[in-house]
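Because only heavy atoms are used, hydrogens play no part in the values below, and waters and symmetry mates are left out as well, while side chains stay in.
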Amino acid sequence: MTELQAMEVPRLRVERIAAAQRFAIRGASTPLVANANAFLDAVATRGLAAMTLRAYAFDLIIVLRWLARNNRTVDQLEHIATDKGEWLQ
């Protein structure tokens, strides 16, 4: 079972943090989402454009939703990435 249950997946959303060029994933309180938000905070310190940071957040949601729908974990991503056919399903 993954950290994100299938019922939590539709609730994931991107929110802009007020008065900052930062974005966060909201809708589920799991270590996986916390790690994704820590990544977003880290890349925000690099001075990237706000729309780039927003795009990263939405890309992370796509990955989180895929993991949940396919009952996969982050640890399995390296194996999955080598099997392109599975990712494209």
**Student:** Membership question, hydrophobic clusters at under 4.5 Å side-chain separation (ILVMFWY): are Ile17 and Tyr56 in the same one?
**Tutor:** no
**Student:** Taking the side chain as everything from C-beta on, heavy atoms only, tell me whether Asn37 gets closer than 4.5 Å to Arg26.
**Tutor:** yes
**Student:** Nearest 0.5 Å, what's the CG-OG1 distance between Asn35 and Thr30?
**Tutor:** 8.5 Å
**Student:** Rounded at 0.5 Å granularity, tell me how far CZ in Phe23 sits from CZ in Arg13.
**Tutor:** 14.5 Å
**Student:** Hey, are the side chains of Arg16 and Arg54 touching, using non-hydrogen atoms and a 4.5 Å cut-off?
**Tutor:** no
**Student:** Is any side-chain heavy atom of Leu12 closer than 4.5 Å to a side-chain heavy atom of Val33?
**Tutor:** yes
**Student:** I'd like to know whether Leu40 forms a side chain to side chain contact (heavy atoms under 4.5 Å, CB included) with Leu53, so could you lay out the CA-CA distance, the side-chain angles of the two residues, the decisive distance to 0.1 Å, and finally the verdict.
**Tutor:** CA-CA 7 Å; Leu40 291 171; Leu53 299 172; 5.8 Å; no
**Student:** Is any side-chain heavy atom of Arg65 less than 4.5 Å from a side-chain heavy atom of Leu60?
**Tutor:**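 Arg65 does not reach Leu60 side chain to side chain.
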**Student:** Any chance you could lay out the side chain to side chain contact (heavy atoms under 4.5 Å, CB included) test for Ile25 and Leu64, step after step, and finish with the verdict?
**Tutor:** CA-CA 10 Å; Ile25 297 171; Leu64 294 174; 4.2 Å; yes
**Student:** Is there a side chain to side chain contact (heavy atoms under 4.5 Å, CB included) between Arg22 and Asp41 once you walk through the steps?
**Tutor:** CA-CA 7 Å; Arg22 293 181 184 246; Asp41 287 342; 3.6 Å; yes
**Student:** OG1/Thr45 to CD/Gln21 distance, rounded to the nearest 0.5 angstrom?
**Tutor:**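 So the gap between those two atoms works out to 12.5 Å.
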